[in-house]
Visitor: 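I'd like to ask some things about the structure below.
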Protein chains: 2
Amino acid sequence: MMAPTPADLGIAAEIPVFSGLEPQALAILLGPASIFNLRPGQTLFRQGEPAQAFFVVMDGWVKLYRVTPAGDEAVLNVLTRGESLAEAVTFTSSRYPATASAVTPARVMVIPADHVVACIRQMPDVAIAMIASTSQHLHRMVQQIEQLMAQSATQRVAEFLASLAPRTRGPCTITLPYDKSLIAGRLGLKPESLSRVFAKLRMVGVDVRASNVVVRDMAQLCKLVACDRISGHCPVKPKMMCSQPPAPRAIQPEVKSVPA
Amino acid sequence: MMAPTPADLGIAAEIPVFSGLEPQALAILLGPASIFNLRPGQTLFRQGEPAQAFFVVMDGWVKLYRVTPAGDEAVLNVLTRGESLAEAVTFTSSRYPATASAVTPARVMVIPADHVVACIRQMPDVAIAMIASTSQHLHRMVQQIEQLMAQSATQRVAEFLASLAPRTRGPCTITLPYDKSLIAGRLGLKPESLSRVFAKLRMVGVDVRASNVVVRDMAQLCKLVACDRISGHCPVKPKMMCSQPPAPRAIQPEVKSVPA
DNA sequence: GTCATATTTTGAGCTGGATCAATTCCACCG
DNA sequence: CGGTGGAATTGATCCAGCTCAAAATATGAC
């Protein structure tokens, strides 16, 4: 544990959770911050512990997960440089709902909760920034839930690969950011299943060799996300009353939102 | 759409998202609030629309869900009296990540986003309250992800039932709060599967008749959550280095699936 | 380099939950 | 009361992903 270097503070200014803050405000906010150096496997905090700080990953990879009653672990996210953890809980003076540990050597900035609360009373912008960041996390979880509820393994893997690649159409080379077994966990799969999905993807021009992935055509990969043609899923179900079958139902009082 | 009655304002004071606010602060915050009356099926907001307000359910049930590219819907939550929606997004001036619609006749309070932002600048406590509430939502999603990743259908149903019951041990009667098909969606199941799970639960003293559930022993139901003995799941996996390896595994009650 | 360990892949088989297709149940209405 | 339409149950079958087991491949220590 050590004080952040000026370089660290420079980096912090670029980080999403602090975006939009005046340099002065940021300096005050980060006054009591410090830096943790974690070795692989080391734990930052455990689920159930009182939340006394929130964190920003400066370098390396950190795994956020829950240990289930049965002893399995459910990976919620795997974070790297610039991403923040646990900002919301620190305001509720309650407990961390998950465990975080390093999966590579990692540097993590620690910001004490009580100090952030104090800052908010002086600088409302800090509150807005924290809420915005939390909102991102929520959005991400919403997407993850949708994935788990409604997508096949193949689709989840395709979406994961797509999220690692630039938004191009043609061919593309990707490097897997961490262990395949961790990727599997992150996607709610067993390692064996991930391996088989990779094998299947080879049929549509996705070649996985160690941690190097060569995609023949990104557009095709993205199409997979919407509709898993490999395992024959989904030829666009009709579903619901997307069109208008028998809905004489009154003229929707149109919930146009409130005027500014 | 109408102005909130004094009664509504009184109720609001009791609501989690506003807890801890001074009455005056609350009065200012709710100044421009209004009440929507929704009929079943009517939509409060749709995913992708710009977020301009957040909401508190005053009465009835509101379903929060995502429509997947393939046309399925993934139910994120089903909310009732006192629960709030979309407070975090409204600060990011971005878009709703999900759709909300009424599943029963419902009354919903609408609080314009820009007003809340303005309030925060005057009253930091409002910020704390909003973050705390958002943190609850995050926690809930974390649990839901854990459920989807690591629990069997039976366990999810058991947990759902347990969440509806008082925290007692012995016998207990529960009323299902909404349609079984909606419950199924909320738990990431098809209605047919939910029906079969209920059938299986009858073997452990859980009797479901229409929307009335009679549980012979809550303690037993809760044990199921930790370990699904019905479908033979999980006899406490050794996993990790948690404890002794060759647990003297108790006398398996041997419930092989239904003999034809 | 060689050997030991951990990660990944492959194979074979099983099963939980989905799907498709009837029924049956039940609330509501004339 | 009997009829009508949506909700719920039941049956039969299928298959994606899990499990167990073994082989292959990478990683690292020396």
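The basis for the numbers below is simple: all heavy atoms, side chains too, and nothing from hydrogens, waters or symmetry mates. Below, chains carry the letters A, B, ... as their sequence lines are ordered, and counting in each starts from 1.
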Visitor: Just the rounded figure in Å: distance from C1' of D/dA16 to CD of A/Gln155.
Guide: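 Taking atom C1' of D/dA16 as the reference, CD of A/Gln155 is at 12 Å.
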Visitor: Please say whether more than 12 non-hydrogen atoms of neighbouring residues, nucleotides or ligands are located less than 6.0 Å from CZ in A/Arg202.
Guide: yes
Visitor: For the residue pair A/Tyr96 and A/Phe55, does the interplanar ring angle fall in the parallel (under 30°), tilted (30 to 60°) or perpendicular (over 60°) class?
Guide: tilted
Visitor: Compare every heavy atom of A/Ala100 with every heavy atom of A/Leu64, then report the nearest pair and how far apart it is.
Guide: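 Scanning both residues completely, I find the closest heavy atoms to be CD1-CB, 4.0 Å.
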Visitor: Taking only N and O in the side chain of A/Ser195, is any of them less than 4.0 Å away from OP1 or OP2 of C/dT9?
Guide: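 The answer is yes; a side-chain N or O of A/Ser195 sits under 4.0 Å from OP1 or OP2.
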Visitor: Looking at B/Lys200, does any N or O in its side chain come under 4.0 Å of the phosphate oxygens OP1/OP2 on C/dG16?
Guide: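 For C/dG16, OP1/OP2 do not have a side-chain N/O of B/Lys200 under 4.0 Å.
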Visitor: B/Leu182 has an atom CG; how far is it from atom C1' of D/dG6, in whole Å?
Guide: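 Answer to the nearest Å: 15 Å.
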Visitor: Closest nucleotide of DNA chain D for B/Arg202 versus for A/Arg156: which of these residues is on the 5' side?
Guide: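 Going by which nucleotide is closer to the 5' end, it is B/Arg202.
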Visitor: Under 4.0 Å: is that the gap between some side-chain N or O of A/Ser193 and OP1 or OP2 of D/dA16?
Guide: no
Visitor: Over how many whole Å does the gap from A/Lys180 atom NZ to D/dT25 atom C1' extend?
Guide: 11 Å
Visitor: Tell me the interatomic distance from A/Met149, atom CE, to C/dA18, atom P, rounded to whole angstroms.
Guide: 11 Å
Visitor: Taking CG from B/Leu187 and C1' from C/dG16, how many angstroms apart are they, rounded to a whole number?
Guide: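 After rounding, the reported distance stands at 16 Å.
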Visitor: In this structure, how many angstroms lie between the C1' atom of D/dG11 and the CZ atom of B/Arg196, rounded?
Guide: 7 Å
Visitor: Given C/dT8, is OP1 or OP2 found less than 4.0 Å from the side-chain N or O atoms of A/Ser181?
Guide: yes
Visitor: Can you work out whether B/Ala199 or A/Glu192 has the more 5'-proximal nearest nucleotide on DNA chain D?
Guide: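 Mapping each residue to its closest nucleotide by heavy atoms, the 5'-most match is B/Ala199.
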Visitor: What is the distance from CG of B/Leu194 to C1' of C/dG17, rounded to the nearest Å?
Guide: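 Spelled out: CG on B/Leu194 to C1' on C/dG17 is 12 Å.
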Visitor: Run through A/Asn212, A/Val213, A/Leu182 and flag the one making a side-chain contact (heavy atoms from CB on, under 4.5 Å) with A/Leu176.
Guide: A/Val213
Visitor: The side chain of A/Ala153 is closest to which nucleotide in this list: C/dT19, D/dG17, C/dT10?
Guide: D/dG17
Visitor: Could you tell me the separation between the CZ atom of A/Phe198 and the C1' atom of C/dT7, rounded to a whole number of Å?
Guide: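 Value for this atom pair: 14 Å.
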Visitor: Give A/Leu189 one of three labels, base, sugar-phosphate or nothing, depending on what nucleic acid heavy atoms sit under 4.0 Å from its own.
Guide: sugar-phosphate
Visitor: Please tabulate, for side-chain N and O atoms in residues 156-175 of chain B, each donor-acceptor pair with protein atoms closer than 3.5 Å (sequence neighbours left out).
Guide:
unit_1: B/Arg156; atom_1: NE; unit_2: B/Leu187; atom_2: O; d: 2.9
unit_1: B/Arg156; atom_1: NH1; unit_2: B/Gln151; atom_2: O; d: 2.9
unit_1: B/Arg156; atom_1: NH2; unit_2: B/Leu187; atom_2: O; d: 3.3
unit_1: B/Glu159; atom_1: OE1; unit_2: B/Gln151; atom_2: NE2; d: 2.9
unit_1: B/Ser163; atom_1: OG; unit_2: B/Phe160; atom_2: O; d: 2.6

